[in-house]
Amino acid sequence: MDEQPRLMHSHTGVGMAGHPGLPQHMQEGTGGTDGDGRKQDIGDILQQIMTITDQSLDEAQARKHALNCHRMKPALFNVLCEIKEKTVLSIRGAQEEEPPDPQLMRLDNMLLAEGVSGPEKGGGSAAAAAAAAASGGAGADNSAEHSDYRAKLSQIRQIYHTELEKYEQACNEFTTHVMNLLREQSRTRPISPKEIERMVSIIHRKFSAIQMQLKQSTCEAVMILRSRFLDARRKRRNFNKQATEILNEYFYSHLSNPYPSEEAKEELAKKCAITVAQVSNWFGNKRIRYKKNIGKFQEEANMYAARTAVNAANASSHGSQANSPSTPNSAGETGSPWLCSIRQPEPRAKSP
DNA sequence: CGGAATGATTTTGA
DNA sequence: TCAAAATCATTCCG
């Protein structure tokens with residue numbers, strides 16, 4: 001580590017006049033005049049370098065200062081800046097002022113919609129959970145699920161904000177660092193303020209690309225969370241026996257047209273203690289499954305037909321009800337319009 | 001445990 | 001835009 005300078009010093013100390021060592025290495029046989037001239041040049045350069053090395057720091061600083069204070073310096077600086085502007089920077093000019101990235105906007109919108117970014121709603125997971133619990137007074141289980149979801153969401157939210165802040169800070173630090181560096185260098189190199197500005201914007205672009213990655217992965221996490229908690233398929237419970245009975249009864253007593261009206265659905269929903277949407281789901285599933293395999297449901301159909309017949313008989317004997325099942329069973333009969341357009345179940349994926 | 005049953009969601013088609 | 005059809009995710013049951 002310490003060897004080099006000392007060695008040089010010793011060289012110079014001995015006398016740099018004739019740069020020793022070089023001639024031996026550069027013997028190209030003929031020793032033509034051209035070769036000699038080059039040797040001479042290189043020798044001169046080397047000597048200059050050695051001389052600079054030999055100068056004291058103060059001396060060098062003084063020179064630098066002198067150069068900086070030269071009255072032509074600002075003019076030269078401006079000219080160089082101008083040249084630079086016209087050549088290097090104009091090439092990049094085209095890609096400036098790009099419009100805001102649509103994908104970034106999409107991500108931003110989604111994060112805002114999910115409550116990850118944007119204003120804090122509850123102030124931490126506890127408050128969010130409490131709010132969820134308070135709001136869902138009626139559905140206890142539902143709110144419990146929700147508070148769990150909220151807790152996880154606010155966890156994601158916290159991570160997101162921490163990371164974002166970290167990036168922002170890093171970006172700022174880096175930017176000021178680079179700016180200082182460039183400003184420092186602008187004393188010796190032709191760097192215009194405009195160029196510094198441009199450099200800053202480049203840095204910001206890079207960092208916003210990183211931020212986009214963060215946003216992207218946050219979005220993914222939220223999506224996974226949603227599918228994990230909010231997908232009703234995951235917490236499916238079978239309807240109780242009674243509800244199924246009521247629905248089946250309606251279905252088989254309206255077999256020729258098993259499409260309950262909105263009012264009928266509402267009534268069924270009330271009787272079964274389920275939602276109208278669930279009634280719709282049930283009928284949708286029932287229709288398609290019945291149609292697909294009428295044979296399998298034959299027994300069930302007969303059973304409910306018999307039961308409704310008995311009910312009707314009882315009702316009519318009591319004289320209070322005229323609500324006869326419009327189409328008693330006769331399942332598989334050809335007259336049912338809704339059974340007509342049966343889409344053949346595809347032969348199981350058998351491609352040649 | 002494996003597969004049938006079943007409620008919910010997604011895709012498709014008129 | 002709605003219902004059919006397909007598919008998914010869970011529960012039930014032998």
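Taking for each of A/Gly284 and A/Arg289 the nucleotide of DNA chain C with the nearest heavy atom, the 5'-most of the two is the partner of A/Gly284.
Counting to the nearest Å, the P atom of B/dT6 and the CD atom of A/Glu300 are 8 Å from each other. Computed from coordinates, the A/Asn293 CG to C/dA5 C1' distance equals 16 Å when rounded to whole Å. A/Phe251 has its CZ atom 15 Å from the P atom of C/dA3, to the nearest Å. Distance CZ (A/Phe283) to P (C/dA5): 17 Å, rounded to an integer number of Å. In this entry the distance linking CG of A/Asn248 with C1' of B/dG7 reads 14 Å, nearest Å. Atom CH2 of A/Trp338 and atom C1' of C/dA3 are 12 Å apart (whole Å). Between the C1' atom of C/dA4 and the NZ atom of A/Lys286 lies a distance of 17 Å, rounded to the nearest Å.
Atoms CD and OG1, on A/Gln48 and A/Thr51 in that order, are 7.0 Å from each other to the nearest 0.5 Å. Rounded to the nearest 0.5 Å, atoms CG (A/Asn281) and CD1 (A/Ile274) are 9.0 Å apart.
Residue A/Gln158 qualifies as open at atom CD: its count of foreign heavy atoms under 6.0 Å is 12 or below. Summarising the local packing, NZ of A/Lys286 is surrounded by more than 12 heavy atoms from other residues, nucleotides or ligands at distances under 6.0 Å.
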Extract from the structure each pairing of a protein N or O with an N or O of nucleotides 9-11 of chain B at less than 3.5 Å, listing the distance.
none

Below 3.5 Å is the cut-off: list the nitrogen or oxygen pairs between protein and nucleotides 11-14 of chain C, distance only.
{"unit_1": "C/dT11", "atom_1": "OP1", "unit_2": "A/Arg237", "atom_2": "NH2", "d": "2.4"}
{"unit_1": "C/dT11", "atom_1": "O4'", "unit_2": "A/Arg236", "atom_2": "NH2", "d": "3.4"}

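A close approach under 4.0 Å does occur between a side-chain nitrogen or oxygen of A/Tyr259 and OP1 or OP2 of C/dA4.
Between A/Glu197 and A/Lys194, no side-chain nitrogen of the basic residue sits less than 4.0 Å from a carboxylate oxygen of the acidic one, so the salt-bridge criterion is not met. Using a 4.0 Å cut-off between charged nitrogen and carboxylate oxygen, A/Arg189 and A/Glu195 do not count as a salt-bridge pair.
Proximity of a side-chain donor or acceptor of A/Ser154 to a complementary backbone N or O of A/Arg157 within less than 3.5 Å is not detected.
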Atom pairs and distances, side-chain donor-acceptor, residues 207-224 of chain A, under 3.5 Å, sequence neighbours left out:
{"unit_1": "A/Ser208", "atom_1": "OG", "unit_2": "A/Arg205", "atom_2": "O", "d": "3.0"}
{"unit_1": "A/Gln211", "atom_1": "NE2", "unit_2": "A/Glu168", "atom_2": "OE1", "d": "3.2"}
{"unit_1": "A/Lys215", "atom_1": "NZ", "unit_2": "A/Asp108", "atom_2": "OD1", "d": "2.9"}
{"unit_1": "A/Ser217", "atom_1": "OG", "unit_2": "A/Gln213", "atom_2": "O", "d": "3.2"}
{"unit_1": "A/Ser217", "atom_1": "OG", "unit_2": "A/Leu214", "atom_2": "O", "d": "3.0"}
{"unit_1": "A/Thr218", "atom_1": "OG1", "unit_2": "A/Leu214", "atom_2": "O", "d": "2.7"}

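The side chain of A/Lys296 sits closest to B/dA5 out of B/dA5, B/dG7, C/dA3.
For A/Arg307 and A/Tyr304, the positive end sits near the middle of the six-membered ring, less than 6.0 Å away and at most 45° from its axis.
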